[in-house]
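Computed from heavy atoms alone, side chains included, the values below leave out hydrogens, waters and symmetry copies. We name chains A, B, ... by the order of the sequence lines, and we start the count at 1 in each one.
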Protein chains: 4
Amino acid sequence: MPSRPLTEPPRPGRPRSAAADAAILEATRASLVDLGWSKLTMGEVASRAGVAKTTLYRRWAGKNELVVDAVAVLFDELELPDLGSLAADVQAVVLQFAALLERPETKTALMAVVAESTRDTALRDRIRNSIVARQKRLVLQGRERAQRRGELPVEPDTATAGRTADLIFDVIAGAVVHRALVSAEPVDADWARRFTLLLLTGLRSAASHGGG
Amino acid sequence: MPSRPLTEPPRPGRPRSAAADAAILEATRASLVDLGWSKLTMGEVASRAGVAKTTLYRRWAGKNELVVDAVAVLFDELELPDLGSLAADVQAVVLQFAALLERPETKTALMAVVAESTRDTALRDRIRNSIVARQKRLVLQGRERAQRRGELPVEPDTATAGRTADLIFDVIAGAVVHRALVSAEPVDADWARRFTLLLLTGLRSAASHGGG
Amino acid sequence: MPSRPLTEPPRPGRPRSAAADAAILEATRASLVDLGWSKLTMGEVASRAGVAKTTLYRRWAGKNELVVDAVAVLFDELELPDLGSLAADVQAVVLQFAALLERPETKTALMAVVAESTRDTALRDRIRNSIVARQKRLVLQGRERAQRRGELPVEPDTATAGRTADLIFDVIAGAVVHRALVSAEPVDADWARRFTLLLLTGLRSAASHGGG
Amino acid sequence: MPSRPLTEPPRPGRPRSAAADAAILEATRASLVDLGWSKLTMGEVASRAGVAKTTLYRRWAGKNELVVDAVAVLFDELELPDLGSLAADVQAVVLQFAALLERPETKTALMAVVAESTRDTALRDRIRNSIVARQKRLVLQGRERAQRRGELPVEPDTATAGRTADLIFDVIAGAVVHRALVSAEPVDADWARRFTLLLLTGLRSAASHGGG
DNA sequence: CAATAACCGAGACGGTACGTCGGGTCTTAAA
DNA sequence: TTTAAGACCCGACGTACCGTCTCGGTTATTG
């Protein structure tokens with residue numbers, strides 16, 4: 001979303017239409033579904049949103065930024081359920097995440113903006129803040145809950161703990177994304193179960209051996 | 001590579017220039033390095049290769065196919081070294097793969113063509129055959145070697161074995177790609193060691209518990 | 001000038017700023033000098049005048065009307081000097097008029113608004129009242145003075161007199177404009193002398209032959 | 001017309017379509033008639049001509065150049081008739097010229113391109129070569145014929161002759177244009193007769209007095 | 001050795017989308 | 001009601017690439 005200071009001193013002139021923002025993001029998602037990333041055009045989004053092209057460009061620098069914002073909110077739907085065990089929780093989140101990746105707007109857009117971000121650091125930061133952060137939160141939340149349950153030891157060294165969380169995050173997100181988008185095979189309950197088993201046994205054994 | 005029948009019945013007329021093929025693929029890689037995926041154009045590739053645009057279109061249907069072929073050969077460089085232990089071998093391959101992903105032509109192109117492939121099944125097959133297969137081969141090779149060494153049990157059920165190999169592949173490839181391109185953090189020796197430890201302990205424990 | 005009722009019944013609310021009018025017309029002329037007709041924009045004029053765009057549109061319907069008003073006042077500078085003979089007077093006015101046409105704001109604007117007026121009768125009337133009338137006045141004035149001096153006969157038939165004045169006006173104004181703007185050659189003293197000679201001898205001879 | 005060397009060494013590549021040239025110029029004239037100069041757009045012309053916008057821009061730098069070329073050919077219709085006397089010939093040409101200026105494509109375009117040419121020397125040259133030259137030819141032709149008939153003396157000094165021809169041209173063209181477009185009054189037979197009388201008597205008297 | 005056929009370079013072609021600019025209107029808060 | 005500011009919708013701009021086509025000309029195999 002176009003970020004402005006939180007406590008906005010009312011600027012002179014006509015204020016920007018909040019309705020336009022919403023309509024544009026909605027139109028962007030609809031266009032992604034119908035056309036896919038590469039056929040989505042700014043003009044099409046504008047016309048679907050009932051808005052002039054200039055209104056888009058006043059808020060977003062281009063297609064990349066617009067799509068990141070349009071897709072990011074979908075990641076708010078991800079939630080860590082409390083099913084009683086870490087394994088069950090992880091498995092559930094994996095399936096949630098896979099379901100999200102199956103949605104046509106996400107599927108076509110996610111890899112595309114990541115690809116663009118390899119040559120655009122501002123875009124990379126935007127993705128990190130808008131999308132990656134929303135996913136990573138689940139890992140931290142899951143670890144904390146597992147530690148409360150006693151399923152995982154409390155790691156005293158925060159640096160090591162952070163590195164491990166990052167590793168776990170890349171393994172989970174990477175495996176699911178790769179399965180869904182590269183291998184293009186279904187992430188079903190069986191796969192999720194086998195993946196979770198692999199991950200958690202590895203995690204527990206490694207932890208007891210001192211994997212820092 | 002431009003697919004033609006394996007046993008080519010010599011067609012009438014002037015044959016296609018083999019030199020052009022090589023020059024085009026090389027020019028494509030060079031353009032990826034200089035311009036990145038989204039700014040790469042067919043016209044630019046043609047002019048760098050000293051070739052007419054028609055010559056490109058006679059061989060490849062479009063940018064997607066061209067780039068897949070241009071990038072695919074780079075994956076031939078990946079090799080499974082024999083360092084004496086599965087852990088060492090995996091770690092080495094992870095670093096090799098990461099190094100490949102750090103190359104600018106791969107970094108910018110890989111996610112992009114995957115993104116395109118979500119709406120183009122022919123492209124998906126091309127990627128699977130040209131790129132994914134080249135990576136997967138290492139997993140199968142590694143498992144076989146580990147089984148010969150006795151580091152991993154021989155799985156009698158080939159269906160289960162296949163599923164496990166797929167899982168391992170998605171975990172390895174996914175984690176490395178995600179770390180390198182999404183998290184955009186370095187895949188260094190330390191990360192590779194910690195990742196390998198997690199993977200292999202998980203793999204061995206899960207195997208002994210019957211993770212099929 | 002923005003036309004309002006001659007006897008203005010004082011309207012309610014804040015009255016319009018008279019200073020704004022002057023600033024806008026001045027800014028319009030400055031923009032004409034710097035940018036020329038086709039690159040002059042309402043936004044540019046507004047910002048030069050330190051005024052909002054709405055203030056312009058409240059007073060003028062558009063660029064055409066604004067420029068006519070901005071340029072019209074320049075034609076007030078034209079004066080018929082009294083140099084003792086009709087020939088001298090005409091020649092002086094021709095040079096004055098040419099000098100006015102050489103000014104960049106006039107040069108670029110005059111033909112442009114005339115061109116626009118060919119498809120806009122309201123604009124045509126505005127030009128006629130604002131610009132053409134200011135020029136024509138000189139012809140009538142010159143004829144009257146010449147008649148007083150006895151250089152020209154008094155035409156009793158007012159209809160014929162009017163037609164002749166119109167003809168003279170089109171010949172003088174047309175020739176000077178064409179020389180200056182179409183042929184793009186200098187209207188210097190020599191040209192003015194030769195033109196005046198042609199005109200006045202023609203006029204006198206034709207008059208004596210009954211050119212009605 | 002886009003001028004290229006007369007003896008064209010056949011350039012490589014696909015040659016430009018001559019049909020496109022004709023269609024574009026015709027579409028330009030039609031657009032002038034329907035829309036007028038200021039509402040004519042390159043896109044509209046292209047679509048009327050059944051041609052891509054790039055095809056227009058490959059041949060003409062912009063609207064100005066295009067319209068000059070589209071309108072210029074109309075001036076080929078002007079012809080100096082041989083009616084037996086200079087006065088009759090001049091009067092006929094004046095009426096022809098006025099009829100041309102009454103055509104909607106000419107009326108709306110001519111002053112507009114002249115206005116643009118005041119800030120664009122290349123455009124001025126194009127107008128001079130394409131339009132002005134086509135008109136001036138008639139003056140030279142008329143003088144020569146009148147001299148052959150003995151209606152006008154042969155001017156021995158070519159420099160003076162040239163200057164006089166230029167003057168006559170500006171007077172004729174200027175007066176007719178001014179009457180038709182600025183005064184916006186009809187150039188009918190009566191006006192043409194009175195104008196011709198004024199011009200020719202002036203010309204003859206001035207010539208006998210030594211108007212160089 | 002001529003005919004044939006596919007190739008090659010160059011570049012024009014009809015399109016689509018780009019990102020920007022200007023026109024003229026509307027919506028704020030302030031005067 | 002006017003003002004400055006600036007967002008708004010709209011339409012055109014001139015450019016860049018797309019993928020196709022049409023040239024003149026080249027290089028092979030076949031008759």
Side-chain angles (χ1 to χ4, degrees), chain A residues 10-17 19-20 38-47 49-63, chain B residues 9-17 19-20 38-47 49-63, chain C residues 10-17 19-20 38-47 49-63, chain D residues 10-17 19-20 38-44 46-47 49-63:
Chain A
R11 297 185 303 176
R14 178 174 173 175
R16 290 193 181 162
S17 158
S38 62
K39 297 230 159 69
L40 176 147
T41 69
M42 297 297 269
E44 168 74 11
V45 170
S47 104
V51 141
K53 249 197 311 176
T54 40
T55 300
L56 263 76
Y57 283 108
R58 208 174 285 121
R59 291 163 159 79
W60 289 277
K63 186 169 150 168
Chain B
R11 294 182 300 180
R14 175 175 173 177
R16 289 188 181 160
S17 158
S38 62
K39 297 236 158 71
L40 176 147
T41 69
M42 298 298 269
E44 169 74 10
V45 169
S47 100
V51 142
K53 257 201 302 175
T54 34
T55 302
L56 263 77
Y57 282 106
R58 211 172 283 121
R59 291 161 160 82
W60 288 277
K63 182 169 152 172
Chain C
R11 295 181 298 180
R14 175 173 170 180
R16 288 190 182 162
S17 158
S38 62
K39 297 235 159 68
L40 175 147
T41 69
M42 297 298 269
E44 169 75 11
V45 169
S47 101
V51 143
K53 258 201 300 175
T54 34
T55 301
L56 264 77
Y57 283 106
R58 212 172 282 120
R59 291 163 160 80
W60 288 277
K63 184 169 151 171
Chain D
R11 297 184 303 175
R14 178 175 174 174
R16 290 195 180 160
S17 158
S38 63
K39 296 230 159 67
L40 176 147
T41 69
M42 297 298 269
E44 168 73 10
S47 104
V51 140
K53 246 196 313 174
T54 41
T55 300
L56 263 77
Y57 284 108
R58 208 174 285 119
R59 291 163 159 80
W60 289 278
K63 185 169 150 170

Practice problem: Rounded to the nearest angstrom, tell me the gap between atom CZ in B:R59 and atom P in F:dG19. | Solution: 17 Å
Quiz item: Looking for any heavy atom pair under 4.0 Å, which part of the strands does A:G62 touch: base, sugar-phosphate only, or nothing?
Solution: nothing
Quiz item: What pairs with A:R14 under side-chain contact (heavy atoms from CB on, under 4.5 Å), at least two apart in sequence or on another chain?
Solution: none
Quiz prompt | Shortest non-hydrogen separation from A:R11 to A:R16 and the atoms involved | solution = NH2-NE, 4.3 Å
Quiz item: Considering residues at least two apart in sequence or located in another chain, which fulfil the side-chain hydrogen bond (donor to acceptor under 3.5 Å, both in side chains) criterion with C:S17?
Solution: none
Quiz item: What's the spacing between B:M42 CE and B:W60 CH2 if we round to 0.5 Å?
Solution: 8.5 Å
Exercise. Mind calculating the distance between CG (B:L56) and C1' (F:dT20) to the nearest angstrom?
Key: 14 Å
Quiz prompt | Whole-Å gap separating P (F:dG19) and NZ (B:K63) | solution = 9 Å
Quiz prompt | By side-chain contact (heavy atoms from CB on, under 4.5 Å) - contacts of C:A52 (at least two apart) | solution = C:T54, C:T55
Quiz item: Between F:dC13 atom C1' and D:K39 atom NZ, what is the distance in whole Å?
Solution: 17 Å
Quiz prompt | With C:T41 via side-chain contact (heavy atoms from CB on, under 4.5 Å) - residues at least two apart | solution = C:E44
Quiz item: Starting at the 5' end of DNA chain E and moving along, which residue's nearest nucleotide shows up first, A:A61 or C:L40?
Solution: A:A61
Quiz prompt | Main-chain N/O of D:L40 paired with D:K63 side-chain donor or acceptor, under 3.5 Å | solution = yes
Quiz item: Taking for each residue the nucleotide of DNA chain F bearing the nearest heavy atom, is the 5' side occupied by B:G43 or by C:A20?
Solution: C:A20
Practice problem: Report the distance from atom CD of D:E44 to atom C1' of F:dC10, rounded to the nearest whole Å. | Solution: 16 Å
Quiz item: Want to settle it: does D:A52 or B:A49 sit nearer the 5' end of DNA chain E, counting the closest nucleotide to each?
Solution: B:A49
Self-check item: Outermost nucleotides of DNA chain E that come under 4.0 Å of a non-hydrogen atom of chain A
Solution: E:dA17 to E:dT28
Quiz item: Counting just side-chain N and O atoms, does B:R58 come under 4.0 Å of either OP1 or OP2 of F:dC21?
Solution: no
Exercise. Would you mind reading off the distance between C:Y57 atom OH and F:dC8 atom P, rounded to a whole angstrom?
Key: 18 Å
Quiz prompt | Residues forming a side-chain contact (heavy atoms from CB on, under 4.5 Å) with B:A46, sequence neighbours excluded | solution = B:K53, B:L56
Quiz item: When you check every protein heavy atom under 4.0 Å of nucleotides 22-31 of chain F, what one-letter string (B, S, -) results, 5' to 3'?
Solution: B--BBBS---
Quiz item: Of the nucleotides F:dA5, F:dA12, F:dG19, which one has an atom closest to the side chain of D:T41?
Solution: F:dA12
Quiz item: Start at the 5' end of DNA chain F and walk down; is the nucleotide closest to B:K53 or to A:S17 reached first?
Solution: A:S17
